[in-house]
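First up is the structure itself, then whatever we jot down about it.
In this chain, numbering begins with 1 at the start of the sequence shown.
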Amino acid sequence: MKKILLAAITLASLYGFSQKFDLAKTPPMGWNSWNTFACNINEDLIRKTADAMVATGMKDAGYVYINLDDCWHGERDSQGFIHEDAIRFPSGMKALADYVHSKGLKIGIYSDAGSQTCGGKPGSRGHEYQDAITYAYWGIDYLKYDWCSTGELNAAEAYKTMRDAIYAAGRPMVFSICEWGQNKPWTWAKDVGHLWRTTGDIHNCWDCEMGFGTWSKLGVLSILDKQAELRKYAGPGHWNDPDMLEVGNGMSLTEDRAHFSLWCMLAAPLIAGNDIRNMSKETLEILTNKEAIAINQDELGVQCYKMFDRGDFEIYAKPLSHNELALCFLNRGETPYPFEFNWKYYPVFDGISGKSYDFEKTEFNIRDCWQKKDTGTTTVPLKATVQPHDVILLRLSPRK
Ligand code: GLA
């Protein structure tokens, strides 16, 4: 009997292991409850969010995961199995997962490597295999795994334990590592998780840092600047995660557009963090801009780099498949930035991906991804103005 059990677990682990490589070949896309709802979540919110994901066209634009963050938890039972909060989730997590699946979507859940989650709920420490089996039984497709109350735990080992527990449970799950970049996960997590947070939590501001004693929340530009050295670690199946989106959560329209464009350029997971049941037309237009999303989801999986820096004016380049290239002209500052960009002086060579673009040798068509129109070619200098806290996002395609 023991042998059969062991063989079953080994087979399940091998199956899980093989799945590692098929999940998240492009950055995961979905929604997460935390940025807007924090601990105020319940099954009605999750069901309605799944409905909205379909009804708004977000699903068609590529969003798949409906992720519950902290505070779905009830207590562990006498055998140590975790249960959902029976008041907030009266139908149970399995029924909720079935509902989300019935919409053609996938469902994610949240736990923590320590004894308690950041919201003070039961963590998975010492219960990793039990929790993974429970999630698999419920039909969970994605696990975000946090780092509160971890004491002296070794991060790489703790995340490997949960990874192995997921493999053993035998259900493919995207594994999202959330230890805020404290233990340099980019150096050890490629074969552990599919994405790893690179910083502390995001805040819905353009350029701010909000201190809370031992930790701080970071605005869009602070997070952007912390990604520069990390691009070489990202690629299909393993992504840097600069945290979830704040689009629709209070920044201006241009800031939201710039934030979204930059996350697309960074090959970041696109996890919406707003109330999608109830969002403005402008917010929806940003979140579902298929041209920006195509840059994010490009199969080459290369994270952008800063190719030009003149104070508040910066240009980011992201090599794409089929010799295409995405460029993002960013104005960090408070006044409009008019510029003239003479392509022939700025060949693009990316040492990381090995991709090069010589505008003297090859002519490219230019597509403006927010204006959604073709705006010319690289044979003449680009003259434009980037508005304050805004971007111009271009896709360049070689002329046949
Ligand atoms: C941490 C994470 C957040 C969120 C909260 C939940 O702060 O970084 O993304 O999951 O915990 O408590």
Side-chain angles (χ1 to χ4, degrees), residues 16 19-37 41-43 45-72 84 89 93-111 132 135-136 138-146 162-163 166 169 171-178 193-197 202 236-249 260 263-264 266-277 279 284 287-288 290 293 296-297 301:
Q19 295 289 329
K20 163 80 176 86
F21 302 102
D22 289 337
L23 290 173
K25 279 190 168 160
T26 60
M29 292 177 66
W31 172 89
N32 173 294
S33 53
W34 184 254
N35 284 358
T36 295
F37 300 97
I41 57 172
N42 58 51
E43 64 178 45
L45 167 71
I46 303 302
R47 281 171 194 257
K48 297 236 162 72
T49 299
D51 295 345
M53 193 72 113
V54 177
T56 57
M58 283 182 71
K59 174 173 179 258
D60 286 342
Y63 294 84
V64 174
Y65 294 97
I66 301 283
N67 292 349
L68 284 73
D69 207 278
D70 208 346
C71 302
W72 57 266
E84 61 286 272
F89 296 89
M93 207 52 90
K94 190 164 167 36
L96 187 57
D98 288 347
Y99 184 80
V100 171
H101 291 150
S102 77
K103 299 265 148 184
L105 298 166
K106 295 184 175 180
I107 185 165
I109 213 164
Y110 161 100
S111 190
Y135 304 154
W138 285 340
I140 298 297
D141 307 294
Y142 186 117
L143 174 65
K144 172 175 168 184
Y145 205 51
D146 216 339
M162 195 60 188
R163 172 202 63 185
I166 294 171
R171 182 177 173 88
M173 289 180 215
V174 171
F175 189 32
S176 157
I177 294 174
C178 178
H194 299 93
L195 57 157
W196 50 79
R197 281 275 297 279
I202 193 167
H238 49 98
W239 309 101
N240 289 312
D241 175 7
D243 207 359
M244 302 169 295
L245 296 167
E246 289 283 18
V247 174
N249 282 345
F260 191 74
W263 264 231
C264 287
L266 287 167
L270 296 180
I271 308 291
N274 59 315
D275 183 354
I276 65 169
R277 298 166 310 171
M279 61 184 150
L284 177 63
L287 288 172
T288 55
K290 290 190 179 165
I293 292 172
N296 175 265
Q297 294 288 302

Centroid separation Trp34 to Trp72 less than 6.0 Å: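 Centroid separation for Trp34 and Trp72: 6.0 Å or greater.
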
When rounded to the nearest 0.5 angstrom, what is the spacing between [atom1] in [X] and [atom2] in [Y]?
X      : Y      : atom1 : atom2 : result
Met244 : Thr36  : CE    : OG1   : 9.5 Å
Leu245 : Asn274 : CG    : CG    : 8.5 Å
Met58  : Thr288 : CE    : OG1   : 8.0 Å
Met29  : Met53  : CE    : CE    : 8.5 Å
His101 : Ile107 : NE2   : CD1   : 6.5 Å
Asp241 : Leu266 : CG    : CG    : 10.5 Å

Short side-chain to backbone donor-acceptor contact, [X] and [Y], under 3.5 Å:
X      : Y      : value
Trp31  : Ala50  : no
Arg171 : Ile166 : no
Tyr135 : Gly108 : no
Asn249 : Gly273 : yes
Asn32  : Ile271 : no
His194 : Phe175 : yes

Check whether any side-chain heavy atom of [X] lies under 4.5 Å from a side-chain heavy atom of [Y], and answer yes or no.
X      : Y      : answer
Asp275 : Phe37  : yes
Tyr110 : Ser33  : no
Trp263 : Asp243 : no
Leu68  : Ile46  : yes

Pair Asp51 + Arg277, salt bridge at N-O below 4.0 Å: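 No, this pair does not count.
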
Least distance between heavy atoms, Trp239 atom then Pro28 atom: CD1-CD, 3.9 Å

Contact list for residues 52-71, test salt bridge (charged side-chain N to carboxylate O under 4.0 Å, His left out), sequence neighbours left out: Asp69-Lys144

Salt bridge (charged side-chain N to carboxylate O under 4.0 Å, His left out) partners for Lys48, two or more places apart: Asp44

